[in-house]
There are 2 protein chains.
Amino acid sequence: MAVPVPATPASTVPEPKYWHLRTVLVRTIDGEFSTGQVLPNERELAARFGVARATLRQALDQLELEGRLVRRRGIGTLIAAPRVGVPVGRGDEGWPSAGRSPSWRSVDCVSAPASAQLAQSLGIPAGETVHTVRRLRLVQGQIMAAESLHVPDSAVPHLPAVPQLIGGAGESDRARSVLRQLERLGVDGESRSVELGVAEAGEAALLERPPGTPVLVVTTQYAAAGRLVALAVSTYRSDTCKLTFGETGLVEVTPVEAARTA
Amino acid sequence: MAVPVPATPASTVPEPKYWHLRTVLVRTIDGEFSTGQVLPNERELAARFGVARATLRQALDQLELEGRLVRRRGIGTLIAAPRVGVPVGRGDEGWPSAGRSPSWRSVDCVSAPASAQLAQSLGIPAGETVHTVRRLRLVQGQIMAAESLHVPDSAVPHLPAVPQLIGGAGESDRARSVLRQLERLGVDGESRSVELGVAEAGEAALLERPPGTPVLVVTTQYAAAGRLVALAVSTYRSDTCKLTFGETGLVEVTPVEAARTA
DNA sequence: AAGTGGTCTAGACCACTCT
DNA sequence: GAGTGGTCTAGACCACTTT
């Protein structure tokens, strides 16, 4: 209010300040900054552009959503690395390999009666036992996704008997057993969906991100012999991941920006 | 500040108010509201929960990102309809059909030299002519996505001669020609990626959304005879779309929420 | 202790929609 | 004109990281 300067004299439809700011910042960071570099702090940036800090933050929020910036408490705002292409789909990445796939790390495994909604999703009677394996997907040593893999007990009848109450030590073994049994079934088909979501407490913790972090939610139905044998719900970090599908990289990675704006 | 009530007495790590608010709102709208219903206005909600309007809005932002709410200027905040599953991939949906596919509507078509980055993405020399068809994807009469389909001139040498300067009337014809030529090539393979983005001015207008709207950016490389013949960049509305891949719905749609939280 | 981003407030004005 | 969401401000305090 102190400064009544209509720097953009307003044509017909005044562009919001934060959006204009974003545009300026995009040009600046694409031009003068490189990955890992830290921007001036928010208070200084706000002063420099003559806006309130909240307005500046609105612009930074956008850039963070686009994966261009990373903000770290107590540290500062830095230029993000380009997103990593993460293969999703058929092949070694797609199907849970019980062996030493370097890509996945099992976290825990619980066996419990299916909730009504989960039962419906799996096409089983409510209350039937479902084994849920939680695991993390690592790419280049970084946590990219957290997954809950739900397997109806009826799909893996040959699981080794294990006490229902599981001590923490046994969980890893149990997860392995479930994955191994699944592998033996052989998979006929997969059906997937991708949508935008936000991570709540549990997922957020696994992803090492604050609650509310936007994620790409990938839901996969695995079928064997025409029957649904597993349902995987994977939440991928949308800031660092680009999901890739299909013929494993017909051509190399494609920079998108120019193609969108050109 | 008037009310120093620490409703949640803080365990070890105080949960942000807006996050707690979101949780409360989720329970409320899942329980007592149904699609299309309007919530009380923001000022009243803020008062009711004893928070500033900005804090309430932070919670609503989250819910909108999740596709649970839709906010309309001058109208109010309403419960959103469930996301629509949109097939992406092989089949009639995946490949541009020049004919009367009810799913796509061509907007315009421009032919211009490729920018450096676009040329690289297409694997052609910079400056080569590229035909860009812009079109909209409609599902159930609703605009779901905007697409730019880039086709190198060398991939469609049999295009009917048309003056370079195109009157608005002829664009629709030209778009049809490009799509038809593409169809005749036959497609060997497709390679896709999905990532989170935001719509800028042009896209936003086509999608009938404000700039900054989050979108799912789908980049598709089309190959014919081992050669890259087209690059499609499609931006899907993340609030209303759930992208589906694979064997066209092995089982019916899967509600995700329960599976994630269970 | 100093510096950073994260949260929250109370209020103002604007743009849009409907009556 | 009344009511709604969208933008913006100026300031405060908190949580986290580093020195």
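These numbers come from the heavy atoms of this one structure, side chains and all, not from hydrogens, waters or symmetry mates. Predicted model only: the values in this text are computed from it and were never measured. So you know, we letter chains A, B, ... as the sequences are listed, proteins then strands, and number each from 1.
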Derivation of the side-chain contact (heavy atoms from CB on, under 4.5 Å) call for Glu147(A) and Arg137(A): CA-CA 8 Å; Glu147(A) 177 176 280; Arg137(A) 177 155 186 185; over 6 Å; no
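- The side chain of Lys17(A) places an N or O atom within less than 4.0 Å of a non-bridging phosphate oxygen (OP1 or OP2) of dT9(D).
- Atom CG in Leu56(B) sits about 17 Å away from atom P in dG11(C), given to the nearest Å.
- Distance from the side chain of Gln58(A) is smallest to dC8(D) among dC16(C), dC8(D), dC8(C).
- As rounded to whole Å, 6 Å separates atom P of dC16(D) from atom CZ of Arg73(A).
- For the 3.5 Å distance criterion, the side chains of Arg71(B) and Thr77(B) fail to qualify, holding no donor opposite an acceptor.
- Residues Ser106(B) and Arg135(B) bring no donor and acceptor atom of their side chains to less than 3.5 Å of each other.
- For Arg22(A) and dT7(D), the CZ to P distance is 14 Å, given to the nearest whole Å.
- Donor-acceptor pairing under 3.5 Å is lacking for the side chains of Arg57(B) and Tyr18(B).
- Paired with Phe33(B) under the rule side-chain contact (heavy atoms from CB on, under 4.5 Å), one option of Leu78(B), Ile79(B), Leu69(B) passes, and it is Ile79(B).
- Atom CG of Leu69(B) and atom P of dG6(D) are 11 Å apart (whole Å).
- Arg57(B) has its CZ atom 13 Å from the C1' atom of dC14(C), to the nearest Å.
- Closest to the side chain of Thr77(A), out of dG5(D), dT9(D), dG5(C), is dG5(C).
- Nearest-nucleotide positions on DNA chain D for Pro16(A) and Gly74(A) put Pro16(A) closer to the 5' end.
- Applying the 4.0 Å criterion to OP1 and OP2 of dT7(C), one finds that Tyr18(B) has a side-chain N or O inside that range.
- Note: CD1 (Ile75(A)) to P (dA15(D)) measures 18 Å, nearest angstrom.
- Summarising the geometry, atom CD belonging to Gln120(A) is positioned 7.0 Å from atom CD belonging to Gln117(A); distances are rounded to the nearest 0.5 Å.
- Contacts between residues 23-46 of chain B and DNA chain D, defined by a heavy-atom separation under 4.0 Å, are made by Asn41(B), Glu42(B), Arg43(B).
- For the pair Thr55(A) and dT7(D), the criterion of a side-chain N or O lying under 4.0 Å from OP1 or OP2 is not met.
- Each of dG6(D), dG6(C), dC8(D) was ranked by its minimum atom distance to the side chain of Arg53(A); first place goes to dG6(C).
- Nearest to the side-chain atoms of Arg71(A) among the listed nucleotides dT9(D), dG6(C), dC8(D) stands dG6(C).
- Here the rule is side-chain contact (heavy atoms from CB on, under 4.5 Å) with Arg22(B), and of Arg27(B), Gln58(B), Glu66(B), Lys17(B) only Glu66(B) fits it.
- Look at CG on Asp61(B): it is 15 Å from C1' on dG6(C), rounded to the nearest Å.
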